[in-house]
Each structure stands twice: as structure tokens, then as C-alpha cells.
Amino acid sequence: VDTARLRAGGGVKWGLAASDVLPAWVADMDLGIPPAVRERLADLIRREDLGYPYWRDGDPVVASFERRMRDRFDWDPRPGRSRVLCDIIQGFQVAIELATRPGDGVAVHVPAYPPFLDSIASAGRVVVPIEMVEIDGRWGFETDGLAERLRAAGCTLLALVNPHNPTGRVFDAAELGVLAGVARDLDLTVFADEIHADLAFAPNRHLPFAALSDDAASRTVTATSATKAFNIAGVGCAVAHVGSDAVWERWASLPNAYLGAPGVLGRAATVAAWDESQDWHEALMRRLVANRTVLGAWAAAHPSGLLLLVPEATYLSWIDFAGTPIAAGPAGVILERGRVMLNAGADFSRHTPVDTTAFARLNFATDDVVLAGVLAGIDRAVAGGA
Ligand SMILES: Cc1ncc(COP(=O)(O)O)c(C=O)c1O
């Protein structure tokens with residue numbers, strides 16, 4: 001990792017960090033991009049091919065998405081039901097508008113990726129938390145009485161982020177089955193954000209929610225993109241597959257100009273990532289596994305009482321500082337004293353009564369030198385006391 005290059009670049013992860021601070025916060029990786037992405041983007045620029053695009057054989061992003069879901073996840077997306085978007089959050093915003101009414105409840109596992117919480121609240125809907133709790137040494141959620149609780153809260157939409165950010169859980173068939181049953185009983189639309197699917201660590205296997213059953217398929221909007229697993233968040237391109245007839249009817253009637261579309265660079269980068277970057281991705285996963293091992297060992301041996309349940313997917317980890325002297329606001333203290341930037345836990349429960357103040361999220365997609373510096377910074381901050 002060339003930290004000088006990263007600091008001099010235009011990315012927010014290193015750009016927001018002071019020159020003596022190591023950033024381990026936002027979900028961008030320090031690990032470069034696949035060569036095929038670089039080459040396909042350079043091809044377009046060399047050919048000065050930046051006009052309005054035309055595809056003789058249909059939209060290549062959709063074709064690549066459908067192929068990938070079939071080949072890697074054993075799921076056959078319904079032909080003609082995919083739309084290319086600028087990003088996942090845009091797809092979520094559209095789904096909220098089309099599937100719910102102001103005042104409705106939107107269920108979501110909490111802690112949650114903060115823009116999800118903000119999207120629900122700013123649309124005038126109510127965040128209904130499904131709290132993640134530790135069950136037998138793993139992050140999970142209480143399933144007893146879940147349907148009754150969501151019914152009482154007026155839920156019409158379930159926002160399911162799987163694999164889950166920030167805990168890194170890959171929900172298993174039993175958990176997804178419970179959620180599918182609740183969705184059926186309450187007639188919920190499901191927005192399944194599966195952006196981290198390619199980042200599941202073996203033996204954990206990602207199961208697309210829409211592949212669970214015909215009923216699940218018929219009520220789900222699945223959203224994904226190549227941006228997290230291939231480190232191209234700045235190019236902006238995502239796909240939404242609309243399995244729900246009711247949502248599709250409304251979605252298809254919206255003018256294209258209202259929804260907007262990603263540019264040719266984002267599209268080319270996405271296809272190059274999904275179709276031509278498997279070797280790069282396998283090497284990436286080996287690096288992330290090695291980092292996860294270092295992180296897990298560090299946390300397990302930590303003298304301060306901090307806790308980490310190692311993630312089953314993603315390069316994000318959710319650290320509990322409740323037992324440490326810096327529980328009142330760990331990310332702030334770690335920045336100030338340790339010169340390391342994490343995401344503040346409190347942001348992941350905004351607009352809900354759930355309290356995640358004692359947590360921080362750490363991004364471990366970097367090299368071993370930076371990771372060692374990040375962990376040493378946290379050590380210094382914790383050792384400094386309250
Ligand atoms: C669960 C989840 N969904 C969506 C996003 C962002 O995706 P996009 O940039 O396509 O909106 C992220 C980014 O970290 C994420 O973790």
C-alpha cells in the first residue's frame with residue numbers, strides 16, 4: 001500500500017485524514033483495482049469513446065449481472081426485470097417511495113449502514129430496528145415474536161443487508177427462512193442489499209434472498225454492485241432486480257430521466273470487474289483472510305476487554321469497547337489519542353432507540369503495515385484510560 005499515493009489522491013478515506021492519521025473507516029480498500037478494470041477504462045479513454053452508449057446485443061451490465069448470479073450464487077434472475085442504477089442507495093430510495101407510504105415502518109437490522117437509516121427517516125418512514133445481538137458467540141437476531149413486533153410497528157418493507165454491514169454476518173438458510181416467513185405473513189416487500197455477497201469467507205456461503213422460494217422471489221428487490229468487492233465505489237454503478245410485480249409495475253412506469261443512469265466508465269468498470277477479474281478477487285480474499293486472522297488474534301488477546309466477533313464476510317469489523325475505559329465514545333478517543341480514524345458506532349443506530357455508542361467499525365482492507373499501525377493506535381488510545 002502506497003500511503004503517499006493514497007494521501008495525495010481524491011478519495012474521501014485518506015482525504016479526510018490528517019497527515020498523521022491512519023484511516024480505517026469508510027468502505028473503500030487500500031488495495032488498488034483489478035488490472036482488467038484499469039485496462040477497460042483506459043481503452044475507452046484511448047478510443048475517446050465517451051459518447052452516449054449503444055449496445056447491439058442488450059445492456060452488458062445486466063447480462064454480466066445475470067451471468068454472475070447464475071454462476072456464483074445459483075440464482076436465475078428473472079429476464080427483463082433488472083435496471084441499472086447509479087448506486088445502491090438510489091435503488092433503496094426508489095424502493096421506499098414505490099413500496100411504502102409516509103408513516104409506514106421499515107424494518108432493518110441494527111446496527112445498520114447509516115445511509116439506510118437516513119434514507120428511511122428522510123422519506124418520512126419509521127425505522128423499525130431488528131436488533132443484532134450476540135447469540136452463542138455469533139451476531140444474530142431474536143426470531144421469536146418478530147412477526148408480531150413488525151406488524152405492530154406497521155412495517156410494509158424489510159431492508160435486508162446480507163452479508164451484513166457492519167457485523168459481517170452471512171445470514172444462513174434458517175435465518176433467511178424466518179425472514180421470508182415473516183415477509184410472507186405480513187406481505188412485506190423486501191429490499192435485499194447483497195453488495196457484499198462476493199466478500200463471504202469460506203465456508204460461509206451467500207444465499208440470495210430471492211432464490212429462497214417463489215414467494216420470496218415475488219416480493220424482493222435485489223440490489224448489488226461491483227463497487228465493494230472490486231474497489232470501484234467512485235465510478236458509481238449498481239443493478240436492481242425487481243422481483244415484485246407491484247413494485248415493477250410502478251418502477252417501469254417511471255420516466256428514465258427521473259431515475260438517471262450511470263455513465264459509461266462505471267458500466268465498463270463493472271463489467272470488467274464481474275467478467276474479467278476473478279484472479280484479482282481471489283488474491284484479494286487471501287489478503288483479507290490473512291488480515292482477519294491478525295485482527296481476530298489481536299482482539300482475542302487484548303488486555304482491555306474489547307470484544308470482536310470475527311466477520312464471516314466483508315472487510316469491516318464491529319468492535320465492542322463497552323468493557324474498556326473509552327466506552328463513552330471510542331472512535332473519538334481513538335482519533336484523538338491513537339491517530340486512527342474508525343467509524344463511530346453511534347452512527348449505525350441513528351433514528352432508533354438502540355444504543356451502539358460503545359462500538360466502532362474498523363475497515364481492515366489494507367496491507368499488514370497499515371493494519372499493524374491501526375491496531376497499535378487503538379492500543380495507545382485504550383491504554384490511555386478514560
Ligand atoms: C451495505 C451497503 N450498501 C450500500 C453501500 C453503498 O453502495 P452505493 O455506493 O452503491 O450506494 C455500502 C457501502 O459501503 C454498503 O456497505
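Remember, it's 1-based here, ligands and their atoms both numbered in the order they're listed. Numbering starts at 1 and runs along the sequence shown.
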query = Ion pair present between R149 and E142, side-chain N to carboxylate O less than 4.0 angstrom?
reply =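 So R149 does not pair with E142 through a salt bridge.
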ask   = Does D104 come within less than 4.0 Å of R125, counting only side-chain N to carboxylate O?
value =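 Here D104 does not pair with R125 in a salt bridge, since their nearest N and O are not under 4.0 Å apart.
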query = For F348, is the NZ or CZ atom of R361 found under 6.0 angstrom from the centre of its six-membered ring and inside 45 degrees of the ring axis?
reply =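 No, a cation-pi geometry is absent between R361 and F348.
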List, pair by pair, the atoms of ligand 1 and of the protein that are both N or O and lie under 3.5 Å apart, giving the separation rounded to 0.1 Å.
from     : atom 1 : to   : atom 2 : distance (Å)
ligand 1 : 3 (N)  : D193 : OD2    : 2.5
ligand 1 : 10 (O) : I88  : N      : 2.8
ligand 1 : 11 (O) : I88  : N      : 3.2
ligand 1 : 11 (O) : I89  : N      : 3.2
ligand 1 : 14 (O) : K228 : NZ     : 3.2
ligand 1 : 16 (O) : N165 : ND2    : 2.7
ligand 1 : 16 (O) : H196 : NE2    : 2.8

request  = Spell out, as yes or no, whether a donor-acceptor pair under 3.5 Å connects the side chain of N204 to the backbone of F201.
outcome  =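 Yes, because the side chain of N204 sits within donor-acceptor range (under 3.5 Å) of the backbone of F201.
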message = Show, in sequence, the C-alpha distance, side-chain angles and deciding distance for F171 and F141, and conclude whether the ring-ring contact (aromatic ring centres under 6.0 Å, His included) test is met.
response = CA-CA 10 Å; F171 293 124; F141 57 97; 5.6 Å; yes
task = Tell me, with the steps shown, if F92 and L157 meet side-chain contact (heavy atoms from CB on, under 4.5 Å).
result = CA-CA 11 Å; F92 184 49; L157 177 67; 4.2 Å; yes
